[in-house]
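Everything below concerns the one structure shown next.
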Amino acid sequence: TSYMKFCENILRLGVEIHPFNSFGFEYIKNDVPFFKIRNNEDKKILFLRHDVDHDPLLALEMAKIEHSIAVRSTYFFLSTDTLKPWMNSPILKKKYFAVAKEIQSLGHEIGLHYDAIGDFLCEDVNPVENIKETLSLFSENQIHIVGCSAHGSYRTREITSTSYSL
C-alpha cells in the first residue's frame, strides 16, 4: 500500500518513528515546556500520531501496517463531533472500543482526541464532566490513554470565527 511505502521510505532515510510517550517534557528557563526526546538526541526522529476523526476501521488498517514493519505510533480517538454516530449506536460503540483495544494490542498508544469546547458551545455539555466520562469509558474497556489532543472542529470555528493577523 502507499501508506506502507511512506513508512518504509521514512525508515530508509534513517529516521526513527516514535509514538507520543517517546517524548518527554524538559522544563527550561521561565518554565516554558520544551519537548525533548528521551535518550535519542543525535538521531532523526519522527513523532507519528494519527487523529481518528472519521473511520476507526481505517485507523486499524494503518496500525496493522505499522505493526508489520515494527513501527509504533499514537492514535488519538475522537469520541464526539464527527465520530458521534459511533458513540450513539450501541453496536458501533462496541466496535469503536474493540478497534481501539486492538490497535493498543498491536503495541500502539491510544490518546484522547477531545472536542470539549465544541461540545460545550454547541451542545451545552460540561467539558470537565464530558472528559471524565469519556476517560471512564476508555478505562472500562481496558484502554490506557497516554495523553490528549484538542480537536479543532469545524463547528467551533463556525461559532468563534476569530481571525488572527501576524
Side-chain angles (χ1 to χ4, degrees), residues 1-11 15-25 33 35 37 45-89 92-123 125 127-162 164:
T1 68
S2 60
Y3 183 64
M4 181 177 285
K5 288 178 186 172
F6 168 77
C7 290
E8 289 173 335
N9 286 338
I10 289 172
L11 294 170
V15 176
E16 290 183 4
I17 300 175
H18 287 268
F20 187 79
N21 268 342
S22 290
F23 289 77
F25 277 112
F35 272 118
I37 300 159
I45 303 289
L46 173 67
F47 165 41
L48 186 58
R49 57 163 284 172
H50 307 279
D51 291 350
V52 184
D53 289 0
H54 300 282
D55 189 352
L57 297 174
L58 179 59
L60 178 57
E61 286 179 43
M62 294 173 73
K64 287 178 178 179
I65 289 168
E66 292 169 357
H67 179 73
S68 75
I69 56 173
V71 166
R72 292 181 61 233
S73 66
T74 307
Y75 287 79
F76 287 92
F77 274 76
L78 184 65
S79 61
T80 61
D81 195 22
T82 52
L83 276 179
K84 198 168 199 167
W86 284 77
M87 297 305 280
N88 288 340
S89 161
L92 289 176
K93 187 176 189 177
K94 185 176 180 178
K95 189 176 239 180
Y96 171 93
F97 287 111
V99 165
K101 194 169 183 176
E102 186 172 351
I103 289 172
Q104 180 179 264
S105 76
L106 293 170
H108 301 292
E109 297 175 346
I110 304 297
L112 178 61
H113 193 41
Y114 63 89
D115 189 28
I117 295 172
D119 293 339
F120 174 71
L121 293 175
C122 299
E123 300 175 29
V125 174
V128 173
E129 293 305 314
N130 186 16
I131 290 174
K132 282 182 182 177
E133 181 181 322
T134 303
L135 289 173
S136 289
L137 288 170
F138 278 96
S139 180
E140 289 167 15
N141 284 278
Q142 294 82 44
I143 300 162
H144 175 69
I145 298 296
V146 298
C148 58
S149 172
H151 175 62
S153 71
Y154 70 92
R155 59 191 184 152
T156 305
R157 285 190 296 272
E158 286 176 357
I159 291 171
T160 58
S161 64
T162 305
Y164 299 94

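The shown structure was predicted, so the numbers you read here are calculated from the model rather than taken from an experiment. Both backbone and side-chain heavy atoms feed into the values below; hydrogens, waters and symmetry mates do not.
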When you measure from the side chain of [X] to the backbone N and O of [Y], does any donor-acceptor pair fall under 3.5 Å?
X: Arg72; Y: Gly107; result: yes
X: His18; Y: Phe47; result: no
X: Glu109; Y: Val146; result: no

When rounded to the nearest 0.5 angstrom, what distance separates [atom1] in [X] from [atom2] in [Y]?
X: Leu58; Y: Asp53; atom1: CG; atom2: CG; answer: 11.5 Å
X: Ile65; Y: Thr1; atom1: CD1; atom2: OG1; answer: 3.5 Å
X: Leu60; Y: His108; atom1: CG; atom2: NE2; answer: 9.0 Å

Test item: [X] and [Y] side chains (from C-beta on) under 4.5 Å apart, heavy atoms:
X: Ser73; Y: Met62; answer: no
X: Ile69; Y: Glu8; answer: yes
X: Leu57; Y: Val99; answer: yes
X: Glu66; Y: Ile17; answer: no

Checklist entry - Do Arg49 and Phe76 meet the cation-pi criteria used here (NZ or CZ under 6.0 Å from the six-membered ring centre, within 45° of the axis)? => result yes
Item to check | Ile103 to Ala63 - nearest heavy-atom pair and separation | outcome: CG1-CB, 3.8 Å
Next on the checklist: Tell me the closest heavy-atom pair linking Leu78 and Tyr96, and the distance in Å.
Outcome noted: O-OH, 2.8 Å
Item to check | Enclosure of Phe6 CZ (heavy-atom neighbours >12, cutoff 6.0 Å) | outcome: no
Which atom pairs, donor and acceptor, lie under 3.5 Å between side-chain atoms of residues 137-145 and protein residues at least two apart or in another chain?
unit_1, atom_1, unit_2, atom_2, d
Asn141, ND2, Leu137, O, 2.7
Gln142, OE1, Lys101, NZ, 3.0
Gln142, NE2, Glu140, O, 3.0

Next on the checklist: Using the salt bridge (Lys or Arg N to Asp or Glu O under 4.0 Å) criterion, which residues pair with Lys64? Sequence neighbours excluded.
Outcome noted: Glu102
Checklist entry - For Gln104 and Tyr75, what are the C-alpha separation, side-chain angles and deciding distance, and is it a side-chain hydrogen bond (donor to acceptor under 3.5 Å, both in side chains)? => result CA-CA 9 Å; Gln104 180 179 264; Tyr75 287 79; over 6 Å; no
